[in-house]
Amino acid sequence: LERAVQERTAELREANERLVNSNEEIRISNEQLEKQNFEILKMNEKILFQKKEIVQQKEELEVKNNQLNQINATKDKLISIIGHDLRNPVSALTSLAEMLQTMYKSLSEKDIAQIVGHIQSSSTSLKLLVNNLLDWALVQNKHVEPQLKKVQVWKEVEECFKLLKLHADGKGIMFNNLCNEADFVQADKNMLQTVFRNLVGNAVKFTPKGGSISISSERTEKGELLVT
């Protein structure tokens, strides 16, 4: 019996040692797993941070692309407006110069003086037009803020008509400024001129020969100024 007890005790001791060894191995494995988990967490945090950076860079890139598209659209619009606004006065100057060159000997001094006067008037208007377009370009590129001032609508329409008079005369078109001289607005003069030039220029283009173009102003019930 004593021998059996000793054998059983030895078996239990061996089993206990194996259990202790297993526990130690499990502890070591757990430590390794914890270390690996910690490294994985750090790697995940790094990946998340990089992902946020990528998303932020993508958003910034989209903003820059939108800004670039707006700049390109502004440039295209500017080129279109310059071509539209400059074509008429340049054509008028060319026609007057050709007339003066080819018919110089048959023209009277009065006719010559009249043509030269038209050339001078057109040159002055063209210079004003170029300056206005350059100012408009600066505003579009945000180099200059719009200069809001009290502007008389009748006067601005009159200046627009003077700029396009030669072009209208070529088609026998009459201009009628029916705006109320008492009507004023807060606006940027150059921007307003650009709007008027484009509208009147298109009106001259599509108005039949011998027709007329009229611009009038009227106050609405809300106090807004309606120009038609």
Side-chain angles (χ1 to χ4, degrees), residues 15-88 90 126-151 153 156 159-160 163 183-203 205-206 217 219-228:
N16 186 54
E17 288 178 357
R18 287 196 299 271
L19 183 61
V20 170
N21 292 333
S22 296
N23 286 337
E24 181 64 17
E25 290 176 357
I26 292 172
R27 185 186 66 79
I28 294 173
S29 296
N30 285 337
E31 289 180 353
Q32 291 176 346
L33 286 173
E34 288 178 359
K35 184 177 180 181
Q36 290 175 353
N37 285 336
F38 179 74
E39 291 177 353
I40 291 173
L41 287 174
K42 286 180 64 177
M43 186 174 296
N44 285 337
E45 290 177 356
K46 185 177 181 180
I47 291 173
L48 287 174
F49 180 76
Q50 291 176 343
K51 184 178 179 181
K52 288 181 180 179
E53 283 188 331
I54 291 173
V55 171
Q56 184 178 355
Q57 290 174 354
K58 182 180 178 181
E59 291 175 351
E60 291 175 354
L61 184 60
E62 289 178 353
V63 171
K64 290 181 179 179
N65 284 336
N66 290 334
Q67 291 175 345
L68 182 60
N69 290 333
Q70 291 177 358
I71 292 173
N72 288 333
T74 298
K75 288 180 179 178
D76 292 341
K77 186 177 181 181
L78 176 60
I79 291 172
S80 175
I81 290 177
I82 289 176
H84 181 275
D85 282 2
L86 294 184
R87 186 180 297 113
N88 295 335
V90 169
L126 185 59
K127 179 182 178 182
L128 177 62
L129 178 59
V130 170
N131 288 335
N132 287 342
L133 286 171
L134 291 175
D135 289 340
W136 181 87
L138 290 174
V139 171
Q140 292 299 310
N141 287 317
K142 299 181 180 179
H143 293 154
V144 177
E145 293 293 329
Q147 301 296 319
L148 300 181
K149 295 181 180 179
K150 189 176 181 180
V151 179
V153 176
E156 298 307 314
E159 287 187 11
C160 177
L163 283 172
D183 285 334
F184 289 81
V185 293
Q186 288 291 329
D188 185 289
K189 178 182 173 71
N190 293 334
M191 291 183 176
L192 192 59
Q193 274 295 323
T194 299
V195 173
F196 283 153
R197 282 196 308 271
N198 278 280
L199 292 175
V200 176
N202 285 328
K205 181 178 179 181
F206 295 105
S217 61
R219 286 287 176 185
T220 65
E221 295 180 356
K222 295 181 179 180
E224 299 172 342
L225 186 65
L226 181 64
V227 180
T228 57

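Worth saying up front: this structure is predicted, and the values here are computed from it rather than measured.
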*Inspect the contact between Glu159 and Lys189 and indicate whether a charged nitrogen and a carboxylate oxygen are less than 4.0 angstrom apart.*
yes
*asked:* Under the rule for side chain to side chain contact (heavy atoms under 4.5 Å, CB included), what residues qualify as partners of Leu41, not counting sequence neighbours?
replied: none
_Contacts of type side chain to side chain donor-acceptor pair (under 3.5 Å), residue Glu31, not counting sequence neighbours_ = Arg27
*Please identify each residue that fulfils side chain to side chain contact (heavy atoms under 4.5 Å, CB included) with Leu33, with sequence neighbours left out.*
Asn30, Gln36
*State whether the side chain of Gln193 and the backbone N or O of Glu156 hold a donor-acceptor pair below 3.5 Å, judged by distance alone.*
yes
*Within the side chain of Asp188, is there an N or O that forms a donor-acceptor pair under 3.5 Å with the backbone of Gln147?*
yes
_Set of residues satisfying side chain to side chain contact (heavy atoms under 4.5 Å, CB included) with respect to Glu221, sequence neighbours excluded_ = none
*Residues that Thr228 engages under side chain to side chain contact (heavy atoms under 4.5 Å, CB included), provided they are two or more places apart*: Ser216, Leu226
_Could you check whether any side-chain heavy atom of Gln186 comes within less than 4.5 Å of a side-chain heavy atom of Lys150, counting everything from C-beta outward?_
yes
*What is the minimum heavy-atom distance between Leu225 and Ser217, and which atoms define it?*
CD1-CB, 4.0 Å
Could you go through residues 55-62 and list every donor-acceptor pair under 3.5 Å that involves a side-chain atom there, pairing it with any protein atom two or more places apart or in another chain?
none

*asked:* I need the full list of side chain to side chain donor-acceptor pair (under 3.5 Å) pairs touching residues 41-52, with sequence neighbours left out, sorted by first then second residue.
replied: none
